[in-house]
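Worth knowing before you read on, the calculation uses all heavy atoms, side chains too, and leaves out hydrogens, waters and symmetry mates.
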Amino acid sequence: MLQETTLKHIRISMTSERYEVAASLFDSVFGDLADQVPQPVSSAEEMLMGIFTDDQSEEGYFVKPADPSVLRAKKQGEENESIEKIDLITEGILTITPDGGFTEEPSYTVAISYDETELTGMAGTRSTITYRTADRGLVTMLRTGMVSTAMTFKAHHRAICTYDTPYMPFFIGIHALTVDNRLDTEGELKLDYIIEIRGARAERCEMTMKIVENAEN
């Protein structure tokens, strides 16, 4: 059992794909509630927002895109100007800290930190993904620097957070569809979520992060 904090240098590879969708988080029954704690969303409420379970799709969910051509492109694996794709390889730090208290199973807090680049449009920002191994399905992404925010992801939950930029703060809605977190066991995290800056078109984002320990560790 790990008794003290460990720190490792890691290589991070991330792929993300995002496109505008017709759903609006701020028009849902949640209204203007701003809460860092994710609130559960029922399947009926998801249907009202145009989110449906789709066992035939690779993603598992159907969310109507703003551009109908996106559906054909994704089904046939074609390029589409409405789909923004980013592939990023960078270096980062993995920190594992034992949680306090007595539990039947050892629990740890896992944090992965890395610097954003111009490729993601957030140069000068540091991102940190954090979760507890006792609850891998709840993931927090903290950003500090040029932009700052704290986003929380939990499947079929929605949270509103503040997104601070050098220009002005914005409200952001996060509605997570899938949180497949195997970072501390298999080195992989998959997030499928809808994100909406209030006043702008909502986007669906599918992100996969993979980490491996650097050889020099």
- Trace of the side chain to side chain contact (heavy atoms under 4.5 Å, CB included) decision for E45 with R158: CA-CA 11 Å; E45 291 165 338; R158 175 182 176 235; over 6 Å; no
- Residue set satisfying salt bridge (charged side-chain N to carboxylate O under 4.0 Å, His left out) with D180, at least two apart, ordered chain then number -> R182
- Message: If only side-chain N and O atoms count, and only distance matters, is there a donor-acceptor pair under 3.5 Å linking D99 with S107?
- Response: yes
- Message: Can you list everything that forms a side-chain contact (heavy atoms from CB on, under 4.5 Å) with A66? Sequence neighbours excluded, please.
- Response: E20, R201
- Where at least one partner belongs to residues 175-207, residue pairs that pass ring pair (Phe, Tyr, Trp, His ring centres under 6.0 Å), sequence neighbours excluded: F153-Y193
- Task: Under the side-chain contact (heavy atoms from CB on, under 4.5 Å) rule, collect the residues that match up with A73, sequence neighbours excluded.
- Result: E78, N80, I83
- Are any non-hydrogen side-chain atoms of R204 and D192 less than 4.5 angstrom apart? yes
- Task: Flag yes if more than 12 heavy atoms outside E81 fall under 6.0 Å of its CD atom; otherwise flag no.
- Result: no
- Task: Return the set of residues passing salt bridge (charged side-chain N to carboxylate O under 4.0 Å, His left out) with E116 (not counting sequence neighbours), or none when no residue passes.
- Result: R143
- Query: Taking the side chain as C-beta and beyond, is there a heavy-atom pair between T15 and K85 under 4.5 Å?
  - Reply: no
- Query: Of all residues at least two apart in sequence or in a different chain, which pass the salt bridge (charged side-chain N to carboxylate O under 4.0 Å, His left out) check with R126?
  - Reply: D115
- Message: Check for me, please, whether F170 and M146 land in the same ILVMFWY cluster - side-chain distances under 4.5 Å, paths through other members count.
- Response: no
- Item | ring pair (Phe, Tyr, Trp, His ring centres under 6.0 Å) pairs, two or more places apart, involving residues 113-133 | none
- Task: State which residues pass ring pair (Phe, Tyr, Trp, His ring centres under 6.0 Å) with H157; sequence neighbours excluded, sorted by chain then number.
- Result: none
- Do the side chains of I93 and L142 join up, straight or via other hydrophobic residues, at under 4.5 Å, putting them in one cluster? no
- Message: According to side-chain hydrogen bond (donor to acceptor under 3.5 Å, both in side chains), who are the partners of D164, at least two apart in sequence or on a separate chain?
- Response: none
- Query: Between Y61 and H156, how do the two ring planes meet: parallel, tilted or perpendicular, split at 30° and 60°?
  - Reply: perpendicular
- Query: With R18, which of E203, E196, E206 fulfils salt bridge (charged side-chain N to carboxylate O under 4.0 Å, His left out)?
  - Reply: E203
- Item | For K64, all residues meeting salt bridge (charged side-chain N to carboxylate O under 4.0 Å, His left out), sequence neighbours excluded | none
- Message: Using the side-chain contact (heavy atoms from CB on, under 4.5 Å) criterion, which residues pair with S13? Sequence neighbours excluded.
- Response: I89, K210
- Message: Are the side chains of L71 and P65 in contact, using a 4.5 Å heavy-atom criterion?
- Response: yes
- Item | Derivation of the side chain to side chain contact (heavy atoms under 4.5 Å, CB included) call for L183 and V110 | CA-CA 9 Å; L183 276 172; V110 180; 5.5 Å; no
- Query: Taking side chain as C-beta onward, heavy atoms only, is M209 less than 4.5 Å from I12?
  - Reply: yes
- Residues two or more places apart in sequence or in another chain: which of them pass side-chain contact (heavy atoms from CB on, under 4.5 Å) with T140? T152
- First locate atom CG of N181, then atom CG of L189, and finally report the distance between them rounded to the nearest 0.5 Å. 5.0 Å
- Message: Is there a side chain to side chain contact (heavy atoms under 4.5 Å, CB included) between T120 and T125? Walk through the geometry before answering.
- Response: CA-CA 10 Å; T120 62; T125 300; over 6 Å; no
- From F171 atom CZ to T149 atom OG1, the distance as rounded to the nearest 0.5 Å: 11.0 Å
